[in-house]
Amino acid sequence: MTDQAPQDDAAEPTPTAEQQLATETNEQRDVRLAKRERLVAEGEAYPVSVPVTTTIQSVRAAHADLQPGEETDDVVGVAGRVVHLRNTGRLCFVMLQAGDGTQLQAMLSQKEVGAESLQRFKELVDLGDQLFVHGRVIASRRGELSVFADDWRIAAKAIRPLPNMHSPLSEEFRVRNRALDLIQRQGARDMVLTRARTNASLRRTFAEHGFVEIETPMLQTVHGGASARPFVTRSNAFDRDLYLRIAPELFLKRALVGGIDRVFEINRNFRNEGADSTHSPEFAMLEAYEAYGDYHTIADLTRELIQNAVRATSPTGDLTAVWADGTVHDFSGDWDRIDLYGSLNEALAATWDGPGRAPVITVETSVAELAPLAERHGIALDPATATHGKYVEELWEACVKPGLTRPTFVMDFPEDTSPLTRPHRSRLGLVEKWDLYVRGFELATGYSELADPVIQRQRFVEQSLLAAKGDPEAMQVDEDFLTTMEYGMPPAGGMGMGIDRLLMALTGLGIRETVLFPLVR
RNA sequence: GCGCCUCUAGCUCAAUUGGCAGAGCAGCUGACUCUUAAUCAGCGGGUUGUGGGUUCAAGUCCCACGGGGCGCACCA
C-alpha cells in the first residue's frame, strides 16, 4: 500500500503518519480530519472523559411513559454515538445510540444553547461521532424522548463516515468490519450476548454438577486427541517445532489420572483444514470428563448442558430455539438414542432397489462388501486408508442423517475410527461412543473412555501405521500420555462439543456469524 | 485442491446489443425552531479489484493475478 511506486532512492525517508493518512483518503474523511484539527486547536477532540451522569438506557427506563410535549426537571449528562442528525434551522435533532443499540434523541435549540454554540455544533458534529449532551429530559411534540440540551461536547471525533444506516451491509463487509456491524445491526449485538450467555450457562451447569474447569496446553510437542491436521509453529527457546492443539483430550485425561474427577475445559482448538459455512480453522471447543461415569451418564449431562443453554438464550425462555430463518426447534424432553448399525440397516432395507433383500451390515461386514454398497450411494473412499468404520459412518451419514429432525444420540460406533474409546461392554468390535446430531450436523460426541493402557498403546501404534501409509490426520504415539495412563485412569465418560456449533444450533446462523472476528484472508 | 459465480462513489446498488459511468443514503454550500431515512434549492465525489489483450470504442468481450461467495473433496 505504501510501496506501489518504484523506490529509486533507497535513502528516502519513511512516510510520516500524515503522509500515510493522505494515501488512504476521501473527501468525507478530509472534511472530518479538518474538523478534528479545529477541535484539537480549540481544546480537545478526544477528551479523557466527559461528565456523564447516567446512561441512555437509564434515561429511557426512568421516563418510559413521558407524554408528547411533556417536560421534566431531570437534568442529565449522557453520551452516545451520533447515528442520525437533522437540522431544521435554529433547532437540531441528534440521535445518540448506546452500545446495546438503545437510542435517545437530543435536541439543540438556539434559544437554549445560544447561537454561537448551535453554530459550532452544526460545523463540528458529524454522523458517527461520540457526543456528550447535558440538559433536561423532555418529550418532543411528536413524543420522542429527548435531552433538551443546554450544553454539548464532542466525546470522540470520528474521521471516517459511518456506513449508510438504512441499507443492510454486505456479508463480506460485516465480517471484515465487525465494529460497524455491531453499531448498525441488532443481530450482531445479539450474537455477542448469545455466546456470552451460552458460555455462562455451560459453566453454571458444570458447577452445579461439581465439575472443575482447567486450562491445558495450546502449544503441544505431540499432537493428538483427535483426527485432524495440525498447525505447526516454532519455539525459539526449545529450538523445535510445536503443534497448535487439535484437542485438549490427552491432557484432560492426565488430569483425570491425577484425581480431578470431574473436569472440563472451554477453549480454542486449531485445525489446519478447509473452512466453510460450518468449519473455521480456529474454533471454541468444550470437553468434559466424568470419573465413574460412562457414555450414558455423559449423554444425560450433555442434554442438560444444551437444554440449559437453550433456556438461557431462547427469546421465549423455554426449550425452543428460534432460528434466524424463523423456524422453531424443539429441544425439550428426552432425546432418542438410536443404534448406528440398526438405524443404518433399517434405512438400507427401506430404500433397497437391488435384487433380493437388502444386505445387513454388521461389524463383520468386510470392506470388500461395503465398497460396492457405498458406491451405490455415491461414496468413494481412498482405498489406501479406507476401513470398515469409515464406510459404515459414510453410509450412515448418507442414508440416515438427513432424516433426523429432533436432537438424536447415535450410539455404538465401529472400533477403528475411535482410537481413544473403550471397547463395548457387550458388543464385540464396537466402542461405547455416541454422536449427537441436531438438524443435520454433528453437535457433540461422547464416550466411555478407554482406560486400559495396553490397548491404548495398540491403538496408537495402529494410528501411526496409518500415518506411515500417508493419512495426515492420524495421531502420533504420545509416550508421555501412555506413561500417565499406566498409573491408572478411573473409568470415565467423556464428551466434546463445538461451542460455535452449539451457537449455530441455537440461532441457525453460519459459523462466520457466530464468531465475532472470524479469520479472513 | 478442483469447478461455477462475483468485484462499479464512504455504504447499498443500477448501467439495454460493446457506444457520454448513474441513483438513494452519506458529503459540501444555502434556507428552515418539533424532526423520525426531515424537507427544499444548488454543488462536488469514480484508475469500474489489479495487470495485460481484442476493438474506432471495454464496467461490458478474452487471458493472468488478487479478494469474496457457492458447490465438490477433507473435517467438527
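Naming: A, B, ... by sequence-line order, numbering from 1 per chain. As a basis for the values below, the full set of heavy atoms in this structure was taken, side chains included, without hydrogen atoms, waters or symmetry mates.
Closest to the side chain of A:F173, from the set B:rA37, B:rC11, B:rG67, is B:rC11. Of the listed nucleotides (B:rG10, B:rA37, B:rU33), B:rG10 has the atom at the smallest distance from the side chain of A:P161. Among B:rC11, B:rA37, B:rU33, the nucleotide with an atom closest to any side-chain atom of A:H166 is B:rA37. Nearest nucleotide to the side chain of A:D126, out of B:rU12, B:rC28, B:rU33: B:rC28. Considering only the side chain of A:R271, B:rA76 comes nearest among B:rG10, B:rU36, B:rA76. Residue A:E144 has its side chain nearest to B:rU36 when only B:rU36, B:rG24, B:rU12 are considered.
Between B:rA23 and B:rG45, the distance separating the two P atoms is 13 Å to the nearest Å. Of the P atoms belonging to B:rC7 and B:rA73, the separation is 28 Å, rounded to the nearest Å. A gap of 23 Å separates the C1' atoms of B:rG22 and B:rC40, to the nearest Å. Straight-line distance between the C1' atoms of B:rA21 and B:rA58: roughly 12 Å, to the nearest whole Å. Nucleotides B:rU6 and B:rG49 place their P atoms 13 Å apart, quoted to the nearest Å. Distance check on atom P: B:rU17 versus B:rC62 gives 15 Å, rounded to whole Å. Taking atom P in both B:rU48 and B:rC20, the straight-line distance is 15 Å, to the nearest Å. Taking atom P in both B:rC61 and B:rG18, the straight-line distance is 8 Å, to the nearest Å.
Checked against the 6.0 Å centroid threshold, A:Y447 and A:Y295 do not count as a close aromatic pair. Aromatic rings from A:W323 and A:H329 are positioned such that their centres are separated by under 6.0 Å. Ring centroid separation for the pair A:W396 and A:F413 does not come in under the 6.0 Å cut-off. Two rings, from A:F132 and A:W152, have their centers 6.0 Å or more apart.
With hydrogens and angles ignored, no donor-acceptor pair closer than 3.5 Å exists between the side chain of A:E442 and the base of B:rA76. A:T88 contributes no side-chain N or O that forms a donor-acceptor pair with the base of B:rU33 under 3.5 Å.
Phosphate contact (OP1/OP2 of B:rC11, side-chain N/O of A:R160, threshold under 4.0 Å): absent. Within the structure, a side-chain polar atom (N or O) of A:S170 is placed less than 4.0 Å from OP1 or OP2 of B:rU12. At the phosphate of B:rG27, neither OP1 nor OP2 sits under 4.0 Å from any side-chain N or O atom of A:K35.
Residue whose closest nucleotide on RNA chain B sits further toward the 5' end, between A:R141 and A:H84: A:R141. In terms of position on RNA chain B, the residue among A:R90 and A:L85 whose nearest nucleotide sits closer to the 5' end is A:R90.
Residue A:R174 is classed as having no contact, given no heavy-atom separation below 4.0 Å to the nucleic acid. Using a 4.0 Å heavy-atom cutoff across all strands shown, A:N269 reaches no nucleic acid atom at all.
Checking A:S201 against A:T198 by side-chain atom types alone, no donor-acceptor pair falls below 3.5 Å.
By the 5.5 Å and 30° criteria, A:F283 is stacked with the base of B:rA76.
Under the 3.5 Å distance criterion, the side-chain polar atoms of A:T445 are left unmatched by any main-chain donor or acceptor of A:L436.
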